[in-house]
**Student:** 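Input: one structure, supplied below.
If you're wondering where the values come from, they're calculated on a predicted model, not measured in any experiment. Numbers restart at 1 for each chain; the letters A, B, ... are given by sequence-line order, proteins then strands. Atom set for the values below is all heavy atoms of this structure, side chains included, hydrogens, waters and symmetry mates excluded.
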Amino acid sequence: MLQATWSFIFSIIALCSAFAQESNNSLLADSAKGKFFPGGVSVGVDAISLIRSRTSDKFSGWEVNADVDFHRYHVVADFGTWATNYELKNGYYQSDGNYFRVGVDVNFLLKDPDSNMLFLGFRHGRSSFTDNVNYSFLDAQLDPVNLEAGNSGISANWMEGTAGLRVKVWKFIWMGYTGRMKFRLRVKGEGPLKAYDVPGYGLTYKTTWWGFNYQVFVKIPLKKRQ
Amino acid sequence: MVKKYICELKAKLSAVGYSLLAVVPLKVQIFIAKTAEVNLRFHKAIFLLPVLGLLSSCFDQGDCLITNSNLVQISLKDFTTKASAQILFDSVYVPGDTLVYTAATTSSLVLPVDQSKTETMYVLKQATRRDTIVFTYSNQTLILSPDCGAFVYQRDLWYGRSTLPAEQIRIVNGQLARSVTSNVELYF
């Protein structure tokens, strides 16, 4: 899976480079050397996940984010854990697992002196999780029946379109948000229970699911900005 | 200078865009104001995307449309003409358990399967013959929403051990559901 993921990342970078636009073509020849050397590494954490984990008894999780910028292109990777539980009308459901996303963002504020970002991008997400449900119902003779069903080690993958903003707030600290449109969910390995909540994606009955992260980043520059 | 930028931006943005600005830090507002000349309409679209998405998600709950059923719909037909036939049964029952039909003349049977298991045996007793059919199926639980609850659906209906020959049984629809009118055809 890791090899396939890296192959996916590099193929997407090659595709995006074909659509790159440069506003100052006269400087392209002189400044091309070293342009695609990594400008910096950013490592961050999603504040919303941490807050939800503290304030909600239905959700527990965290997410860390990292990206490396190559000129206006940012190669992004996210990793997180996600556990949810729902009290049903006739039972109880819980889901627990990990997920990661990889993708590319394109920065539309390349010449900003503070390296602020306004970006569009996409992600490929994958999740591995287990879920379980306990519930009861009345049979044809109106006798109560208790059932338990679950899946272990099932996987899911999906695509995301992203948009967001990131601004420098102090020295090496950046803050910003990312809006996500998640789609094309595929779940594999379902057994006696049809998965209801996929870690990293959300509820499965929605063909398109929206997400929002508010992140705090620490950026480590790798080259001096010209 | 900062106030000038923000005032100019407020004048340009629509009510929705301006309301979104109110929740972001001042540093971000300044940043937005400075770059507003680039393409304000583009920025509004970007800002509105997560807001619109969140709004659309807030009020959209799963449909509470319950369609599951544990009833096998059986049509009785004449083996020669393949037309619907009225068959007299002394009894139809689950051995050691449920008596579903007794002294009934009917052209169809509705037989409940055990939702806690993956097979149910039925005995169809007539005056001159006694047939046994074992229905096998798989169970899958679906959660419609927390307010609706979880429901078990039977699918992949098949006949396992049966005294009826294969040419007298035909599976029409392997999914048990309230909208399905016929799952099995039996030819006598």
**Student:** What part of A:Leu193 gets within 4.5 angstrom of chain B, counting heavy atoms only: side chain, backbone, both, or neither?
**Tutor:** both
**Student:** Could you state the interatomic distance from OH (A:Tyr86) to CG (B:Asp147), rounded to the nearest 0.5 Å?
**Tutor:** 12.0 Å
**Student:** How close do A:Leu88 and B:Ser145 get, heavy atom to heavy atom, and via which atoms?
**Tutor:** CD2-O, 4.4 Å
**Student:** Does B:Lys82 have more than 12 heavy atoms from other residues, nucleotides or ligands lying within 6.0 Å of its NZ?
**Tutor:** yes
**Student:** By ring-ring contact (aromatic ring centres under 6.0 Å, His included), which residues pair with A:Phe183, not counting sequence neighbours?
**Tutor:** none
**Student:** Mind checking whether A:Phe137 and B:Gln115 have side chains closer than 4.5 Å, heavy atoms only?
**Tutor:** yes
**Student:** Only counting residues at least two apart or in another chain, list the ones meeting ring-ring contact (aromatic ring centres under 6.0 Å, His included) with A:Trp158.
**Tutor:** A:Tyr201
**Student:** What part of B:Phe151 gets within 4.5 angstrom of chain A, counting heavy atoms only: side chain, backbone, both, or neither?
**Tutor:** backbone
**Student:** Tell me the closest heavy-atom pair linking A:Asn90 and B:Gly149, and the distance in Å.
**Tutor:** OD1-CA, 3.2 Å
**Student:** I need the contact set between residues 127-143 of chain B and chain A: heavy-atom distance under 4.5 Å, sorted by residue number.
**Tutor:** B:Asn139, B:Gln140, B:Thr141, B:Leu142, B:Ile143
**Student:** Do any pairs count as a salt bridge (charged side-chain N to carboxylate O under 4.0 Å, His left out) and have a residue in residues 39-61 of chain A, sequence neighbours left out, and if so which ones?
**Tutor:** none
**Student:** Take atom CD in B:Gln86; do more than 12 heavy atoms of anything else shown fall under 6.0 Å from it?
**Tutor:** yes
